[in-house]
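Working notes for the structure below.
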Protein chains: 2
Amino acid sequence: MTDPLPAWNRAELAGILTNGLIENCPVRDVLNQVSGKWATLLLMALSEGPLRFAELKRFTPDISQRMLTKTLRDLHRDGYITRTVYPTKPPKVVYALTETGRSFLDPFQALVAWARNNHAQIRAARLSFDREEAETLA
Amino acid sequence: MTDPLPAWNRAELAGILTNGLIENCPVRDVLNQVSGKWATLLLMALSEGPLRFAELKRFTPDISQRMLTKTLRDLHRDGYITRTVYPTKPPKVVYALTETGRSFLDPFQALVAWARNNHAQIRAARLSFDREEAETLA
DNA sequence: CAGCATCCGCTTTGATACTG
DNA sequence: CAGTATCAAAGCGGATGCTG
């Protein structure tokens, strides 16, 4: 627990994460897309199997149609999901995880688990911080 | 690799991730804070040991002073880092990871590794997508 | 059903100038 | 040195109305 963290040395860290500036960072380039408000939610929704557009909409009731379309398009563009159109009438479009999308969920799920496990503690820290701040101001 | 994903069933997923609506989701509550543009960068910078304000600024040259202050404050508030003030003249403020901050980096680093490993493939998917799109339009 | 186009507000970020 | 305060810019996301 007090052991020194996994050794990224500073130079390597700077190289990997920013390539000098944050704009040219490959890690950012990837994570920026999935760090949106809805992307991970949709990927997790698809983790049990393919879903249609309207099914995804029902799954996340508070997403707007605009954002659902846009997020699915971005995920498709980056290769996280496939998009299959059945030109029936009315049309039917099915989304499904690719192998890339599937493999992403593995490390991401670890982060979700961490967040769930640490939520209470973080909320406590926030409360404590805000309380002390209020005291100082008084 | 084709094995069915770790089984979150749909109901549990909806409960954990959104509690009905995305606003009351504890996981989001946690991840929103660290999904900012600079938070993870600063946490990683601190992974090798405490740093002063100006040192962190030098570490990420393209961050503005405003964002550095704000991000550090948020990380402190949520208990990821400590902030120690030495009331010398001129003042000296040292930031360091807490145990929470340290433990966060573990799952997060796995995600960074995934991003690095899959960056090339994702860029390729993007190119392919954009090329096909251009064809369709033509 | 599964989108696209437009407009519009809010939040996030950045630039700049000033302070204990 | 380590901030705070103010203002302006940009981007994300939502609401609405319209199509094949």
Side-chain angles (χ1 to χ4, degrees), chain A residues 18 21-23 25 28-29 31-42 45-46 50-78 81-96 129 133 136-137, chain B residues 18 21-23 25 28-29 31-42 45-46 50-78 81-96 129 133 136-137:
Chain A
T18 69
L21 294 178
I22 200 174
E23 278 72 27
C25 171
R28 288 278 153 177
D29 186 32
L31 294 187
N32 275 348
Q33 292 301 325
V34 288
S35 67
K37 192 171 177 182
W38 305 106
T40 55
L41 225 44
L42 295 179
L46 291 172
L51 291 172
R52 299 180 55 175
F53 186 89
E55 292 173 325
L56 285 163
K57 175 82 181 79
R58 254 173 264 124
F59 187 85
T60 49
D62 48 349
I63 196 175
S64 67
Q65 204 175 32
R66 182 198 188 302
M67 277 299 106
L68 181 54
T69 300
K70 182 188 186 310
T71 307
L72 288 172
R73 185 192 145 91
D74 289 345
L75 290 174
H76 181 207
R77 186 168 106 104
D78 278 14
I81 62 178
T82 60
R83 178 176 183 273
T84 311
V85 182
Y86 299 90
T88 56
K89 239 178 135 77
K92 174 178 166 181
V93 180
V94 174
Y95 294 91
F129 182 95
E133 191 190 44
T136 307
L137 279 171
Chain B
T18 70
L21 294 176
I22 199 174
E23 277 73 26
C25 171
R28 288 276 154 177
D29 186 33
L31 294 187
N32 274 347
Q33 292 301 324
V34 288
S35 66
K37 193 171 176 182
W38 305 105
T40 55
L41 224 45
L42 295 179
L46 290 172
L51 291 173
R52 300 180 55 174
F53 186 89
E55 292 172 324
L56 286 163
K57 175 83 182 78
R58 254 173 263 125
F59 187 84
T60 49
D62 47 350
I63 196 174
S64 67
Q65 203 175 30
R66 183 193 187 304
M67 276 300 106
L68 182 54
T69 300
K70 181 187 187 310
T71 306
L72 288 171
R73 185 194 144 93
D74 290 345
L75 289 174
H76 182 208
R77 186 169 106 103
D78 278 15
I81 62 177
T82 59
R83 178 176 183 273
T84 311
V85 181
Y86 299 90
T88 55
K89 239 175 138 76
K92 174 178 167 182
V93 180
V94 174
Y95 294 90
F129 182 95
E133 193 190 42
T136 308
L137 279 170

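In this text the structure is predicted, and so the values were computed from the model without any measurement.
Annotation: salt bridge (charged side-chain N to carboxylate O under 4.0 Å, His left out) contacts of Arg73(A) (sequence neighbours excluded): Glu133(B). By the side chain to side chain donor-acceptor pair (under 3.5 Å) test, Arg66(B) pairs with no residue at all, sequence neighbours left out. A search for salt bridge (charged side-chain N to carboxylate O under 4.0 Å, His left out) contacts involving Lys70(A) returns Asp74(A), not counting sequence neighbours. For Arg52(B), there are no salt bridge (charged side-chain N to carboxylate O under 4.0 Å, His left out) partners, not counting sequence neighbours.
Distance CZ (Arg83(B)) to C1' (dA2(D)): 8 Å, rounded to an integer number of Å. When the P atom of dG3(D) is taken as reference, atom CZ of Arg52(B) falls 10 Å away, rounded to whole Å. Atom CG in Leu68(A) sits about 16 Å away from atom C1' in dC12(D), given to the nearest Å. A straight line from CD1 of Ile81(B) to P of dA2(D) spans 13 Å, rounded to a whole angstrom. Going from atom CG of Asn32(B) over to atom C1' of dC12(D) covers 13 Å, rounded to whole Å. Atom CG of Leu72(A) and atom C1' of dC4(C) are 14 Å apart (whole Å). Rounded to an integer number of Å, the gap from His76(B) NE2 to dG3(D) P is 11 Å. Rounded to whole Å, atom C1' of dG3(C) lies 18 Å from atom OH of Tyr86(A).
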Check your understanding: Using a cut-off of 4.0 Å between protein heavy atoms and nucleotide atoms, how would you tag nucleotides 13-20 of chain D 5' to 3' with B, S and -?
Key -> BBB----B
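In this structure, Tyr95(B) does not reach the dC1(D) phosphate: none of its side-chain N or O atoms is under 4.0 Å from OP1 or OP2.
Here Trp38(A) contributes atom CH2 and Asp62(A) contributes atom CG; the two are 4.0 Å apart, rounded to the nearest 0.5 Å. Rounding to the nearest 0.5 Å places CG of Leu31(B) at 8.0 Å from SG of Cys25(B).
Closest heavy-atom contact between Leu46(B) and Tyr95(B): CD2-O, 3.5 Å.
Exactly one residue among Leu42(B), Val93(B), Ile63(B) makes a side chain to side chain contact (heavy atoms under 4.5 Å, CB included) with Leu56(B). That residue is Leu42(B).
Remark on the helix from dC1(C)-dG20(D) to dG20(C)-dC1(D): inter-end axis angle 50°, axes from five-pair C1' superpositions, rounded to 10°.
In this structure the side chain of Arg28(A) reaches within 4.5 angstrom of the side chain of Leu41(B), judged on heavy atoms.
Among the atoms of the strands shown, only primed sugar atoms or phosphate atoms (P, OP1, OP2) are found under 4.0 Å from some heavy atom of Thr69(A).
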